[in-house]
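Report on the following structure.
Lettering follows sequence order; numbering is per chain, from 1.
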Number of protein chains: 2
Amino acid sequence: MALAKFTPDGILDACAEEVLANGGDVRIADIASRLGAPTGSIYHRFGSRQELLVRLWLRSVGRFHVDYLAAGDQDDPERALLAMAECVVAFSRDHQLDAVAMTLYRHSRLVLTAPESCREDVENINVGIHDRLAVLAERRYEHTTERHRFLVRLAAAESPYGLVRPYLWNSVPASLPEVVVASSRAILALGD
Amino acid sequence: MALAKFTPDGILDACAEEVLANGGDVRIADIASRLGAPTGSIYHRFGSRQELLVRLWLRSVGRFHVDYLAAGDQDDPERALLAMAECVVAFSRDHQLDAVAMTLYRHSRLVLTAPESCREDVENINVGIHDRLAVLAERRYEHTTERHRFLVRLAAAESPYGLVRPYLWNSVPASLPEVVVASSRAILALGD
DNA sequence: GGCATACTAGAATATTGATTCTAGAACCTG
DNA sequence: CAGGTTCTAGAATCAATATTCTAGTATGCC
């Protein structure tokens with residue numbers, strides 16, 4: 001087995017840099033030249049441009065989920081949810097390449113358009129998170145309803161993500177965590 | 001002068017439908033066939049695909065701004081800002097095509113990449129809003145600082161937009177306005 | 001009516017960039 | 001070391017689609 005000069009992760013890294021630099025319309029040739037590789041080496045690892053991009057998205061989302069679940073791993077459900085909200089901001093600040101890569105697709109659309117080889121991973125990527133949020137909703141509220149689960153999703157995920165999103169391509173303001181927590185707390189309070 | 005069978009607005013409409021249906025990668029041929037027009041008629045109105053898409057974005061953002069400014073046109077600054085926040089949701093619910101078209105670009109990037117013929121419009125499109133928010137920040141807070149302006153922008157624009165964004169492609173939940181107001185109110189309160 | 005203009009029509013062309021192919025080098029196994 | 005496998009290399013091919021071109025048609029104006 002020859003030594004691998006261009007690994008899948010290395011290629012994904014270059015791809016991420018390209019996405020940050022030039023937006024979603026990444027060219028294979030650009031990734032290759034950024035890496036000093038021939039285009040053939042990229043196709044040796046990934047079946048198509050589509051697949052490469054989806055793999056990048058999956059890797060970034062997966063990395064985020066590690067931090068996200070860790071942040072929410074504490075007893076008090078309110079604290080856990082607010083920590084998760086803050087984690088969205090912290091991750092975005094500390095992992096810009098991944099954060100930007102995550103903007104490449106929306107999950108709900110990707111489920112329909114991902115290449116066959118990634119379909120299953122795309123379909124499953126959110127289940128752990130979804131379950132965890134459901135559990136936290138149960139613990140945070142008595143007589144948990146659909147509305148409570150909705151509020152939890154907004155407070156712990158959609159609101160914080162919406163708040164950092166505009167800053168992903170530059171730098172995240174230092175006071176954003178504070179804002180995110182205030183917003184999420186207020187949203188959770190609507191369920192009381 | 002021959003009667004215009006395919007007007008610029010009609011073409012933009014078809015383009016918007018295409019964006020909603022198939023995401024940002026719109027093909028000229030698809031717009032044309034949706035319209036029952038030859039591709040030539042599209043190029044008769046727009047210099048390039050790029051320009052067409054940017055014009056669509058500009059039209060949608062402009063339409064939104066009309067509603068947005070109207071919503072904020074009231075004396076009490078807190079009320080005005082919260083009304084603007086709600087307006088983001090209402091507009092997204094009532095004008096799905098425009099709301100989705102607005103996701104085609106980020107302003108800060110478009111400023112750099114827009115075709116020459118649109119550059120100026122892109123550069124200017126936000127100035128009215130920017131000024132208005134600055135004025136409202138002055139009125140809402142005593143001794144207004146940069147931080148206050150930051151909070152105002154988050155409360156009236158970025159937070160509500162971030163909260164509806166995930167729902168743009170389907171339907172906007174009925175309880176979202178309530179959530180948006182709670183969030184924005186909490187954010188504004190951070191400046192007191 | 002006859003000319004000029006604005007538009008429709010859609011085929012022909014050009015371009016861009018993804019993908020494939022062939023060759024060769026590096027390494028591992030037995 | 002011979003054979004097999006994995007990988008690099010980069011040129012050649014292919015496909016998709018944006019754009020251009022030429023012709024034809026309707027309309028308004030003088």
Using a strict cut-off of less than 4.0 Å between a Lys/Arg side-chain nitrogen and an Asp/Glu carboxylate oxygen, indicate whether [X] and [Y] qualify as a salt bridge.
X: A:Asp13; Y: A:Arg34; answer: no
X: A:Asp121; Y: A:Arg55; answer: yes
X: A:Glu138; Y: A:Arg149; answer: yes

Looking only at side-chain atoms of [X], point me to the closest of [options].
X: B:Pro38; options: C:dG17, C:dT8, C:dT20; value: C:dT8
X: B:Lys5; options: D:dA9, D:dT17, C:dA9; value: C:dA9
X: A:Ser41; options: C:dA11, C:dT19, D:dT8; value: D:dT8
X: B:Thr39; options: C:dA9, C:dG10, D:dA18; value: C:dG10
X: A:His44; options: D:dT8, C:dA11, C:dC7; value: D:dT8
X: A:Arg49; options: D:dT17, C:dA6, C:dA18; value: C:dA18

key: Along DNA chain D (nearest heavy atom to each residue), the more 5'-positioned of A:Gly40 and B:Arg27   = A:Gly40
Just the rounded figure in Å: distance from [atom2] of [N] to [atom1] of [X].
X: B:Glu51; N: D:dA18; atom1: CD; atom2: P; value: 15 Å
X: A:Glu18; N: C:dG17; atom1: CD; atom2: P; value: 12 Å
X: A:Asp30; N: C:dT16; atom1: CG; atom2: P; value: 13 Å
X: B:Ile42; N: C:dA9; atom1: CD1; atom2: P; value: 12 Å
X: B:Phe46; N: D:dT20; atom1: CZ; atom2: P; value: 15 Å
X: A:Ile31; N: D:dG10; atom1: CD1; atom2: C1'; value: 17 Å
X: A:Tyr43; N: C:dG17; atom1: OH; atom2: P; value: 12 Å
X: A:Ile11; N: D:dA9; atom1: CD1; atom2: C1'; value: 14 Å

query = Looking at B:Trp169, does the NZ or CZ of A:Arg106 lie under 6.0 angstrom from its six-membered ring centre and within 45 degrees of the ring axis?
reply = yes
inquiry  = Please classify the nucleic acid contact of B:Ser48 as base, sugar-phosphate, or nothing, using heavy-atom distances under 4.0 Å.
reply    = sugar-phosphate
query = Hey, does the side chain of B:Arg93 reach the backbone of B:Val172 with a donor-acceptor pair shorter than 3.5 angstrom?
reply = no
query = Distance check: side-chain N/O of A:Arg45 vs OP1/OP2 of D:dT6, anything under 4.0 Å?
reply =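 For D:dT6, neither OP1 nor OP2 has a side-chain N or O of A:Arg45 closer than 4.0 Å.
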